[in-house]
Amino acid sequence: MGRIKVAVAGASGKMGQASVSAIRSDTDLQLVGAVARRWAGRDLGEVMAGQPWGINCRADVQECLDADRPDVLVDFTHPEVGAQHALWALAKGARPVVGTTGLKKEDLAAIEEACEKSGLGAAVIANFSLGASLLARFAMEAARYFPEIEIIEMHHQDKVDAPSGTALHLAQELAARIHTVNRPASIERLPGVRGGAVNGIRIHSLRLPGVMARHTVVLGGPGQTIEITHDSTDRNAFMPGLIIAIKKVVALNRVVYDLAELLDDGP
Ligand code: NAD
């Protein structure tokens with residue numbers, strides 16, 4: 001098989017630009033398309049690096065799917081449109097790798113249904129960093145002994161969704177671990193708190209300048225607490241996981257939500 005052809009939606013954004021650079025640096029991948037509304041009609045290389053790459057920035061995802069024919073569509077856009085982009089990709093035979101967070105339950109159900117119908121796979125992963133995956137693994141272990149848990153997440157002030165996708169995913173996993181019955185997870189909004197609760201696990205969301213992304217799981221027991229923190233200080237933290245997801249999604253025929261499932265040694 002030749003190189004995997006990849007397009008990036010949200011290419012002019014913070015994660016989109018980091019993804020473009022990471023994809024272009026990987027010899028198994030070929031960047032073939034970019035959706036960047038504010039750069040539409042311009043060559044992506046001219047804007048990002050001052051020299052042409054032969055990639056015409058598109059104004060919308062459907063135009064990119066039709067013209068550039070990617071095998072994989074990476075999406076780092078906005079919660080309102082991320083799922084629609086994934087559905088358009090699946091309809092055109094491209095596999096979506098969705099990094100956009102804040103997608104609704106019904107969006108995820110629609111992506112699952114489209115995957116089932118098309119026989120194609122998708123990766124919808126709230127956090128591509130290996131460290132966040134390890135945080136979840138360690139917290140799951142600690143939760144066996146300390147079932148009283150709260151989560152604190154801090155992000156930069158421009159983040160549009162709260163709680164973060166990572167915190168929600170963590171809370172759902174932890175709730176399933178500590179409740180003997182795997183009750184369906186739903187977000188309960190708490191008055192006066194930016195955040196919410198998932199099956200009794202409270203999430204506190206802070207939005208402040210100077211922070212990029214930090215998640216802390218706090219576990220309390222009589223006379224002791226444990227805090228497990230993961231800090232992302234640079235968007236490059238997400239790139240190795242993103243590249244793994246792009247390479248693995250082409251062989252999937254279902255939706256994967258957890259980076260751990262795509263790592264060589266599994267969850
Ligand atoms: P950003 O605001 O810098 O970039 C978003 C980009 O999406 C912009 O270029 C914007 O023009 C574009 N966009 C917005 N609406 C669009 C639309 N309707 N059609 C096409 N493009 C559209 O944001 P960011 O920091 O790059 O984050 C993007 C998303 O990635 C967020 O949901 C964020 O939470 C998520 N994120 C995920 C991970 C992960 O590991 N999965 C890590 C960091 C951020």
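Every number for a ligand or one of its atoms is a count from 1 in the order of the listing. Here the structure is a predicted model, which means the values were calculated and not measured.
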Novice: Measure Val160 to ligand 1 on non-hydrogen atoms and call it side chain, backbone, both or neither using the 4.0 Å cut-off.
Specialist: neither
Novice: For His215 together with His155, are the ring centres under 6.0 Å from each other?
Specialist: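 When the ring centroids of His155 and His215 are compared, they turn out to be within the sub-6.0 Å range.
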Novice: I need the nearest protein heavy-atom contact for atom 28 (C) of ligand 1: residue, atom name and distance, please.
Specialist: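 Checking every protein heavy atom, the shortest distance to atom 28 (C) of ligand 1 gives Thr77 O, 3.6 Å.
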Novice: Does atom CD of Glu148 have more than 12 heavy-atom neighbours, drawn from other residues, nucleotides or ligands, at distances under 6.0 Å?
Specialist: no
Novice: For atom 40 (O) of ligand 1, grab the closest protein heavy atom and report residue, atom and distance to one decimal in Å.
Specialist: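 Checking every protein heavy atom, the shortest distance to atom 40 (O) of ligand 1 gives Phe128 N, 2.8 Å.
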Novice: Which protein non-hydrogen atom lies closest to atom 27 (O) of ligand 1, naming both residue and atom, and how far is it?
Specialist: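 Protein heavy atom at minimum distance: Met15 CG, 4.1 Å.
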Novice: Can you tell whether the side chains of Lys5 and Asp71 come within less than 4.0 Å, N to carboxylate O?
Specialist: no
Novice: What protein heavy atom sits nearest atom 36 (N) of ligand 1, and how far off is it?
Specialist: Gly99 O, 3.8 Å
Novice: Name all residues meeting the salt bridge (Lys or Arg N to Asp or Glu O under 4.0 Å) criterion together with Arg58; count only those two or more places apart in sequence or in a different chain, and write none if there are none.
Specialist: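 Partners of Arg58 under the salt bridge (Lys or Arg N to Asp or Glu O under 4.0 Å) test: Glu63, Asp68.
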Novice: Test side-chain contact (heavy atoms from CB on, under 4.5 Å) on Ile4 and Val6; report intermediate values, then the result.
Specialist: CA-CA 6 Å; Ile4 300 169; Val6 188; 4.2 Å; yes
Novice: Could you check whether Glu141 pairs with Arg177 (Lys NZ or Arg NE/NH1/NH2 to Asp/Glu carboxylate O, under 4.0 Å)?
Specialist: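 The answer is no: the pair does not qualify as a salt bridge.
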Novice: For atom 41 (N) of ligand 1, what's the nearest protein heavy atom and its distance?
Specialist: Ile125 O, 2.9 Å
Novice: Looking only at heavy atoms, which two atoms of Gln62 and Asp60 are closest? And how far apart?
Specialist: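 Smallest heavy-atom distance, with atoms named: N-OD1, 2.8 Å.
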Novice: I'd like to know if Asp28 pairs up with Lys247 as an ion pair, taking the criterion as any Lys NZ or Arg NE/NH1/NH2 lying under 4.0 Å from an Asp or Glu carboxylate oxygen.
Specialist: yes
Novice: Going by side chain to side chain contact (heavy atoms under 4.5 Å, CB included), name the residues that satisfy it together with Glu116, two or more places apart in sequence or in a different chain.
Specialist: none
Novice: Looking at Arg202, Lys159, Arg207, which one forms a salt bridge (charged side-chain N to carboxylate O under 4.0 Å, His left out) with Glu153?
Specialist: Arg207
Novice: Which residue and non-hydrogen atom of the protein lie closest to atom 15 (N) of ligand 1, and at what distance in Å?
Specialist: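 Ranking protein heavy atoms by distance from atom 15 (N) of ligand 1, first comes Arg37 NH2, 3.2 Å.
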Novice: Classify the contact between Thr101 and ligand 1 as side chain, backbone, both or neither, using a heavy-atom distance cut-off of under 4.0 Å.
Specialist: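 The answer is both, backbone and side chain.
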Novice: Among protein heavy atoms, which sits nearest to atom 4 (O) of ligand 1, and what does the distance come to when rounded to 0.1 Å?
Specialist: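 Scanning the protein heavy atoms, the shortest distance from atom 4 (O) of ligand 1 goes to Gly13 CA, 3.3 Å.
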Novice: At under 4.0 Å between heavy atoms, which part of Ala126 makes contact with ligand 1: side chain, backbone, both or neither?
Specialist: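 The backbone, only.
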Novice: Applying a heavy-atom cut-off of 4.0 Å, say which part of Lys159 lies close to ligand 1: side chain, backbone, both or neither.
Specialist: side chain
Novice: For ligand 1, which atoms sit closer than 4.0 Å to a heavy atom of Phe76?
Specialist: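 Heavy-atom distances to Phe76 below 4.0 Å select 5 (C), 6 (C), 7 (O), 28 (C), 30 (O), 37 (C), 38 (C).
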Novice: What protein heavy atom is closest to atom 25 (O) of ligand 1, reported as residue, atom name and distance in Å?
Specialist: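 Result for atom 25 (O) of ligand 1: Lys14 CE, 3.3 Å.
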Novice: Please classify the His85 to ligand 1 contact at 4.0 Å (heavy-atom distances, strictly less than): side chain, backbone, both or neither.
Specialist: side chain
Novice: Below 4.0 angstrom from a heavy atom of Ser12, which ligand 1 atoms are there? Numbered from 1 as shown, please.
Specialist: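 Going through ligand 1 atom by atom, the ones under 4.0 Å from Ser12 are 9 (O).
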